[in-house]
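I have placed the structure first, in the form of C-alpha cells, so that the comments after it can refer back to it.
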Amino acid sequence: MILNGSGCLDALASPEIARTLDAFVTKTVTPQGREGNAPVRIAETDFGMLNSIGLANPGIDQFVVELLPRLAEAEFELWVSVGGFSAGDYAELCARLDERAEIAALELNVSCPNVAEPVETAAEIVAAARSATSKPLYAKLSPSFDVSETARAAQAAGADGLTLINTIKGLALDERTLKPVLASGPGGYSGPALRPVALAAVHAAYRATGLPIVGLGGVESGRHALELIAVGASAVALGTVLFRDPGAPARIRGELEAEAAALGLTSPLHARGIAHDSGLQAFPELTKYVN
Amino acid sequence: LRRERLSVLTSVDLGPYRLLTLERGALEPGDPGQFFMLSAPGRVLPRPMSLCLAPHGELVFLVDPVGPGTRAIAALGAGDAIDVLGPLGKGFCLEVERPLLVGGGVGIAPLPYLSERLGGPPAVVGFRSEWHAEAASLLHAAEVVVEPTLVTEAVPRGHDVLACGPEPMLAAILREWPTAQVAWEAPMACGFGACYGCVVEIGGRLRRLCIEGPVLAAA
C-alpha cells in the first residue's frame, strides 16, 4: 500500500498523481486558516531538503465546504491529516470530520517541527481525538523523542495506527552569506538522509506496539519500501521523492513487487516485520533465495 | 504532467552561462515563460528553468551555474541523459499590441523564445558586465546596456512591457510600467503545486508561484 506523506502532494492540483496512490493524505488541516511561514520556505541540502511551510491551509471551515467535496469526487481513498495547538483543537477537528463518509482515516499530525507545539503530550492528543471520532486514527510521530514510549502511549490512548516519521529539525546556511537560507531559520529535514532514522523508528514502534504503521522517510525505490516493511511498516508513504519524480508511486510499487518476488514472497507485505526475527532466515522455505 | 529522460545534444559556453540543448522527445515546448524542472545529477531536487529556445525537435535552456544544482546541470555534456518535467506554470500572454521585451542577467532566458513567438519585437537587456552581455546574442537586435546603466533607463515609453530579471529590476519595472507582464523566480522543490515552497505575495496573499505564475500580470 503506497501513500503520500502529508503535505507532499496537492491532489486537486495533480489528481492524476493522486490516483496512482492507494490512498491520498491531505495537507494538515488546522482549526483556523493559516498563510504559513514567510518565504524562503525550502532549501536543498547535500542529502535531503529542508522545508518550513508552517501548516499553510485554509482552515477546517473552508476545507469542509470547498475542498472536501472536490476531493471526495476523485477516485482515491482519502485520509485527512489534522493538526492543532491544543488537544481540544484535535478533538474539534476530528468531531467535524467524523460524520464524513468520504474520509477513510484521520492522521493526527502531532510532530510538525515548524510550528509551536501543543502543551499536551501526543498521548493526550490521541485520547482527545479518540473521544471525538470512531474513524481509524493514525498518530504521526516524530523520531526526535523516545519512539517506543510515545508509540506505546499513543496505542494506550486509542490510536489504531502510527505514521513514522515526520521530518526532523535541520538548518542550512547560504553558500555566500552564511545566513540561514530559510526565513524561519531551522526547518524540517527530509529526503534520503532520513532512511536510517525512519528504519530505526518504525523498528522500535513495531516492536513496542504491533500496530499498523505507515512508514516513511527518504523512500526513493522499491528496495527502500521493502526495508521499511521488513522492520514493521504495513504501508509506505512517499514524500520528497514525489517532488522530483511525480511518477514515483507507480514506479516504486512495481519495484517493490519485483523485490518481493525475487525473494520468493507472493506479496511485499509477507515481509512485514521479518527484520525482527532473523530476517529471511525466519522462513526456512525461503532461505534458498538468500545469497 | 509529462516527465521524460532526454539526451543532451550540445552544451556550450555563452559568457558565464551555459546554453544547454536537449532533444525534445515527446515534451511540448509550451508557451514562452513557462518552465521545466530539470533533474540535477547527484542532487535531491530538480531545478526550474524557463525555456530559452524551441528549435524543431529540441529544447534549449540558459543555465547560470551559481549553485550545486545548476553547476551539475551545466557540467552535462553531449550524450548525457537528464530527466525533464514540463512545461509547467503560466507563461506570457501574447495578446499584446506593442510588445517590448525587457531582461536582466540570466533573466533573459525566456526572451528569445518569446521574441520568436511575437515576431521579433524590440528588446532591452541589461547585464553586469560585457562578459555576461555575450548572452544578448540570443536575442535578435536587442539594445544592450551594461552596469552602471540600468535597463529601466533605456526602456522607451508607449509599449506593453514583458519582463524577466532580478527582483529589484522587476520591482523598478512595475513602478514605471504597472501593467507590465513580469516573470518571477522562487526556489521550487516540485514545480507542480505539491511542496508549497515557492510562495510569493500575490494580491496580499501568499500563493504558489508555480501554479499562479511564474508570469504574473498586473491585478
Task: Steps toward side chain to side chain contact (heavy atoms under 4.5 Å, CB included) verdict (A:E44, B:R47) - done: CA-CA 10 Å; A:E44 190 198 50; B:R47 296 298 189 272; 2.6 Å; yes
Open item on the list: So for A:I53, is it side chain, backbone, both, or neither that comes closer than 4.5 Å to the heavy atoms of chain B?
Closed with: side chain
TODO: Determine whether more than 12 heavy atoms belonging to other residues, nucleotides or ligands lie under 6.0 Å from atom CD of A:E102.
DONE: yes
- [ ] Could you tell me the separation between the CZ atom of B:F192 and the CG atom of A:D10, rounded to the nearest 0.5 Å?
- [x] 10.0 Å
Task: Check: A:R41 side chain, B:P187 main-chain N or O, donor-acceptor pair, under 3.5 Å - done: no
Task: Nearest non-hydrogen partners of B:A194 and A:C8, listed with the distance - done: CB-O, 3.5 Å
Open item on the list: Could you check whether atom CD of B:E130 has more than 12 heavy atoms from other residues, nucleotides or ligands sitting under 6.0 Å from it?
Closed with: no
Open item on the list: I'd like to know which of B:P46, B:A189, B:G193 tops the heavy-atom pair count under 4.5 Å against chain A.
Closed with: B:A189
Task: Heavy-atom proximity to chain B below 4.5 Å, by part of A:S52 - done: neither
Task: Top contributor to chain B contacts, counting heavy-atom pairs under 4.5 Å, from A:V40, A:V241, A:D46 - done: A:D46
- [ ] Check the surroundings of atom CD in B:E153: do more than 12 heavy atoms from other residues, nucleotides or ligands lie under 6.0 Å from it?
- [x] yes
Task: Structural part of B:L45 lying under 4.5 Å from a heavy atom of chain A - done: both
Open item on the list: So which residue, A:A13, A:S14, A:P246, ends up with the most heavy-atom pairs under 4.5 Å with chain B?
Closed with: A:P246
Open item on the list: Looking at B:R128, I'd like to know if its CZ atom is crowded, meaning that more than 12 non-hydrogen atoms belonging to other residues, nucleotides or ligands lie closer than 6.0 Å.
Closed with: no
Open item on the list: Are there over 12 heavy-atom neighbours, none belonging to B:E23, within less than 6.0 Å of that residue's CD?
Closed with: yes
Task: Pairs of heavy atoms under 4.5 Å with chain B: top-ranked of A:A11, A:G247, A:G239, A:G48 - done: A:G48
Task: B:C195 and A:N51, any side-chain heavy atoms less than 4.5 Å apart - done: no
- [ ] Could you tell me whether B:E185 atom CD has more than 12 heavy atoms of other residues or ligands within 6.0 Å of it?
- [x] no
Open item on the list: Distance check, rounded to the nearest 0.5 Å: A:E35 atom CD versus B:R207 atom CZ?
Closed with: 9.0 Å
Task: Working for side chain to side chain contact (heavy atoms under 4.5 Å, CB included), residues A:M49 and B:R43 - done: CA-CA 10 Å; A:M49 67 172 284; B:R43 305 302 302 177; over 6 Å; no
Open item on the list: Are the side chains of A:F243 and B:V44 in contact, using a 4.5 Å heavy-atom criterion?
Closed with: no
Task: B:L206 CG to A:N37 CG distance, which is reported to the nearest 0.5 Å - done: 9.5 Å
Task: Contact origin within B:L1 toward chain A - heavy atom pairs under 4.5 Å - done: both
TODO: Please flag which part of A:I17 lies under 4.5 Å from any non-hydrogen atom of chain B: side chain, backbone, both or neither.
DONE: side chain
Open item on the list: Is B:R208 close to chain A through its backbone or its side chain, or both, or neither, when contacts mean heavy atoms under 4.5 Å?
Closed with: side chain
Task: A:E175 atom CD, neighbour heavy-atom count above 12 within 6.0 Å - done: yes
